Amino acid sequence: MNSSRKNAVITGVLFIVATVAALAAAAVAPVLSGTDYLTRVAANASQVAGAALLYIVAAFASVGIAISLYPVLKQWNSGLALGSVIFRTIEAVMYIAALVCLLSLGTLSQNIVNAGEAGGAALAMLQAIGDSLRSVREHASLVAVFAVCLGAFTYYYLFFESRLIPRWLSCWGMISSVLMLVACVLALFSDSPVTGYVLLALPFGVQEMVLAVWLIVKGFNSSAIAAGTARAPSEMLSAA
């Protein structure tokens with residue numbers, strides 16, 4: 001297996017791992033809504049820990065996607081290829097920040113019982129801290145989605161220019177990235193979770209799974225890889 005084929009398979013597997021881990025984490029984590037969410041978190045400490053672990057897997061798999069694509073995409077535009085790595089690294093950092101808030105909510109929730117014995121003032125203080133942590137978690141998650149949209153659009157544009165994958169698939173990726181970005185903007189101005197805009201987010205998620213399967217089964221276009229390999233030395237000579 002040559003290096004470009006290996007990169008394609010690794011990238012496809014990372015797409016699947018990142019998506020499955022993120023969806024599983026969202027399903028496992030306690031729902032952080034309503035007035036009694038801290039009590040719910042306290043009663044499901046193992047679920048909080050499991051969700052945090054899954055979010056870590058998703059974060060590292062997400063940045064791994066761009067890192068694995070970089071050696072291939074840099075032959076067309078090293079700046080944009082590096083940009084995709086930076087954006088997906090920001091995504092991973094924001095997801096880590098969000099899961100730290102989730103773990104902190106778990107710790108905070110363990111004090112709910114003691115707060116009940118201490119009186120309403122202590123309980124109100126814990127509730128206020130919990131609301132702040134929940135807000136930071138939601139905003140960090142939103143910034144992460146902004147970053148993934150920009151990173152994804154960058155490498156889908158490079159896919160379109162290079163023809164490493166079929167242009168219909170890269171066009172789908174760019175359009176779905178823009179739709180997801182619109183969802184982020186709507187979520188920002190409505191101060192609501194981006195997950196509430198399912199119709200805008202769905203094309204992006206489906207496209208990434210289609211791309212993952214394509215990369216694992218078909219890999220990159222071999223003629224495009226050959227053209228990129230031939231292009232790199234000529235660009236270096238012209239730059240010199």
Side-chain angles (χ1 to χ4, degrees), residues 14-65 87-149 151 180 183-202 204-205 208:
L14 287 173
F15 268 118
I16 294 173
V17 170
T19 301
V20 171
L23 292 175
V28 169
V31 177
L32 302 181
S33 60
T35 57
D36 62 340
Y37 68 92
L38 285 174
T39 305
R40 198 179 307 123
V41 170
N44 296 280
S46 59
Q47 289 181 231
V48 170
L53 179 60
L54 288 167
Y55 278 128
I56 291 173
V57 172
F60 281 99
S62 295
V63 71
I65 290 167
F87 281 124
R88 299 221 67 157
T89 301
I90 293 172
E91 173 201 2
V93 170
M94 289 298 103
Y95 279 139
I96 294 295
L99 77 87
V100 167
C101 289
L102 178 62
L103 290 173
S104 298
L105 283 172
T107 302
L108 182 68
S109 67
Q110 299 302 319
N111 296 316
I112 287 292
V113 175
N114 294 335
E117 296 175 356
L123 183 60
M125 181 184 67
L126 288 173
Q127 188 71 46
I129 295 172
D131 291 346
S132 297
L133 286 172
R134 182 175 62 172
S135 178
V136 171
R137 180 176 183 271
E138 291 172 353
H139 291 142
S141 297
L142 181 59
V143 172
V145 181
F146 266 113
V148 71
C149 291
M180 181 66 95
C184 289
V185 173
L186 292 174
L188 177 65
F189 282 95
S190 64
D191 196 24
S192 60
V194 70
T195 51
Y197 299 92
V198 177
L199 292 180
L200 291 173
L202 187 60
F204 186 83
E208 287 204 333

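FYI, the numbering just counts along the sequence from 1. All values derive from a computational prediction rather than experimental measurement.
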Subject >> Nearest heavy-atom neighbours spanning Ala18 and Ile65 >> reply: CB-CD1, 4.4 Å

**OP:** Measure across Ala140 and Met94 and return the closest heavy-atom pair with its distance rounded to 0.1 Å.
**Re:** O-CB, 3.3 Å

Atom pair [atom1] ([X]) and [atom2] ([Y]), whose distance is rounded to the nearest 0.5 Å:
X: Glu91; Y: Ser62; atom1: CD; atom2: OG; result: 4.0 Å
X: Glu138; Y: Thr195; atom1: CD; atom2: OG1; result: 9.0 Å
X: Arg137; Y: Leu142; atom1: CZ; atom2: CG; result: 12.5 Å
X: Leu133; Y: Thr107; atom1: CG; atom2: OG1; result: 9.5 Å
X: Leu99; Y: Ser104; atom1: CG; atom2: OG; result: 9.5 Å
X: Ser46; Y: Asn44; atom1: OG; atom2: CG; result: 6.5 Å

Any non-hydrogen side-chain atom of [X] less than 4.5 Å from a side-chain atom of [Y]?
X: Val185; Y: Phe146; value: yes
X: Val145; Y: Tyr95; value: yes
X: His139; Y: Asp191; value: yes

Original post:
Which of these, Val194, Val148, Leu200, sits in a side chain to side chain contact (heavy atoms under 4.5 Å, CB included) with Cys184?
Top reply: Val194

Subject >> Residue that, paired with Val41, satisfies side chain to side chain contact (heavy atoms under 4.5 Å, CB included) out of Val31, Leu108, Leu32 >> reply: Leu32

**OP:** For the pair Tyr197 and Ser190, evaluate side chain to side chain contact (heavy atoms under 4.5 Å, CB included) and give the outcome as yes or no after the intermediate values.
**Re:** CA-CA 11 Å; Tyr197 299 92; Ser190 64; 3.0 Å; yes

Are any side-chain N or O atoms of [X] and backbone N or O atoms of [Y], one a donor and one an acceptor, separated by less than 3.5 Å?
X: Ser135; Y: Asp131; result: no
X: Tyr55; Y: Gly50; result: no
X: Ser109; Y: Gly106; result: yes
X: Gln47; Y: Ala29; result: no

**OP:** Report, as yes or no, whether the 6.0 Å neighbourhood of atom CZ on Phe60 holds more than 12 heavy atoms from other residues, nucleotides or ligands.
**Re:** no

